[in-house]
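Below: the structure, in structure tokens.
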Amino acid sequence: MTSAIEQAVSRAIETMHDNIGELLTIDDMAQAAMYSKFHFSREFQRMTGVSPRRFLSAIRLETAKRLLIETTFTVTEISHRVGYNSVGTFSSRFASSVGVPPTTYRQLGGFTPRIEVDSRGLARGTELSTFRGEIRAPIAGDLGRVYVGLFPTRVPEGRPAACTVLPRPGVFLFDQVPAGTWYLLAHSVPAAFDEVLTGDREVSVGSVGPVEVRPDVPLLPIELRLRPARVLDPPVLLALLDARAVALATERALITDTA
């Protein structure tokens, strides 16, 4: 049975979606839910993993991604529609979260051929650790390829500390992970972007963390279970990997290895 506070948080997220271009404050959402600002913010973060303000920012960028693909609105028009007064601020935040600028994202059709890792933790002399685990799916069926990454927060955005793409749920290994506190995040990668838009194939997600990585402490393998995305999950802001391009690259590599 859904609790009263969970219903309130879900309604707050729906309000964010319905009023994406309006000025929404935590006070407004807490008052509508009939909770104190402190209690509402604490419970919102407990259930979603991020603050209400951070969740709203993620929804705005997620909406911008959709508008860039589905409409012919200019970047300036889209920035205003999702609540940004400055197109420069919007473009900067979009690029840092999604991985490419808005115009490039539109030109690529919502795909990116690869995702760059954050190399700042890989400086010469830095001690690196091995991080291994297994991605499991709760039900049988083809989820498509699975993207797995280590991020500093619960929102899959920006450059991960490490990442990989699996052909299906299974075992993964990161052999160059810098020390730090990370969240292991995973989501399925549909074969085509229009499958995401039409809902023909639901995106599955999963998370584990925070996980402390230290070079002097062995880390046991971690299991992450995928499940269908729900309203309380922060949006996936990273540009979707072009699964077809990844598959072709893998096939070429296999051909080269066997030649």
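If you're wondering where the values come from, they're calculated on a predicted model, not measured in any experiment.
Surrounding CZ of Arg53 are at most 12 heavy atoms belonging to other residues, nucleotides or ligands under 6.0 Å away. Within 6.0 Å of CZ in Arg81 there are 12 or fewer heavy atoms belonging to other residues, nucleotides or ligands. Heavy atoms of other residues, nucleotides or ligands lying less than 6.0 angstrom from CZ of Arg42 number more than 12. Counting heavy-atom neighbours within 6.0 Å of Asn85 CG, excluding the residue itself, gives a total of 12 or less. Other residues, nucleotides and ligands place more than 12 heavy atoms under 6.0 Å from the CD atom of Glu134.
In this structure, Ile26 CD1 and Leu56 CG are separated by 9.5 Å, a value rounded to the nearest 0.5 Å. Between atom CG of residue Leu237 and atom CZ of residue Arg60 there is a gap of 13.0 Å, rounded to the nearest 0.5 Å. The distance from the CD1 atom of Ile20 to the NE2 atom of His17 is 7.0 Å, given to the nearest 0.5 Å. Between atom CD of residue Glu212 and atom CH2 of residue Trp182 there is a gap of 10.0 Å, rounded to the nearest 0.5 Å. If you take OH on Tyr147 and CG on Leu238, they are separated by 5.0 Å, rounding to the nearest 0.5 Å.
Although no hydrogens or angles enter the test, the distance criterion places a donor-acceptor pair under 3.5 Å between the side chain of Ser96 and the main chain of Arg93. Listed for the Ser92 side chain is no donor-acceptor partner under 3.5 Å among the backbone atoms of Gly88. Side chain of Asp28 to backbone of Leu24: no donor-acceptor contact under 3.5 angstrom is found. Between the side chain of Arg106 and the backbone N or O of Leu68 there is at least one donor-acceptor pair closer than 3.5 Å.
A salt bridge links Arg46 to Glu43: one of the charged nitrogens lies within less than 4.0 Å of a carboxylate oxygen.
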Kindly indicate, with the supporting measurements, whether the criterion side chain to side chain contact (heavy atoms under 4.5 Å, CB included) is fulfilled by Val117 and Phe174. CA-CA 12 Å; Val117 300; Phe174 300 142; over 6 Å; no

Run the side chain to side chain contact (heavy atoms under 4.5 Å, CB included) check on Val211 and Leu150 step by step: do they pass? CA-CA 10 Å; Val211 178; Leu150 285 178; over 6 Å; no

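Qualifying side-chain contact (heavy atoms from CB on, under 4.5 Å) partners for Ser207, counting only residues two or more places apart in sequence or in other chains: Arg154, Leu185.
Here the closest non-hydrogen pair linking Leu226 and Gly206 is CD2-N, 3.9 Å. Leu61 approaches Phe90 most closely through the heavy-atom pair CD2-CE1, 4.2 Å. In plain terms, the two heavy atoms of Phe55 and Leu232 that are nearest each other are CE1-O, 3.6 Å. Taking each heavy atom of Pro52 and Phe40 in turn, the nearest pair found is CG-CE2, 4.2 Å. The minimum heavy-atom distance linking Arg230 with Asp233 is given by the pair N-OD2, 2.8 Å.
Ring geometry for Phe94 against Tyr105 counts as perpendicular: the plane angle is over 60°, on a 0 to 90° scale with 30° as the lower cut.
A side chain to side chain donor-acceptor pair (under 3.5 Å) with Ser97 is found for exactly one of Lys65, Glu157, Glu62, namely Glu157.
In the hydrophobic clustering of this structure, Phe73 groups with Val82; members are Ile, Leu, Val, Met, Phe, Trp, Tyr whose side-chain heavy atoms approach within less than 4.5 Å, directly or through other members.
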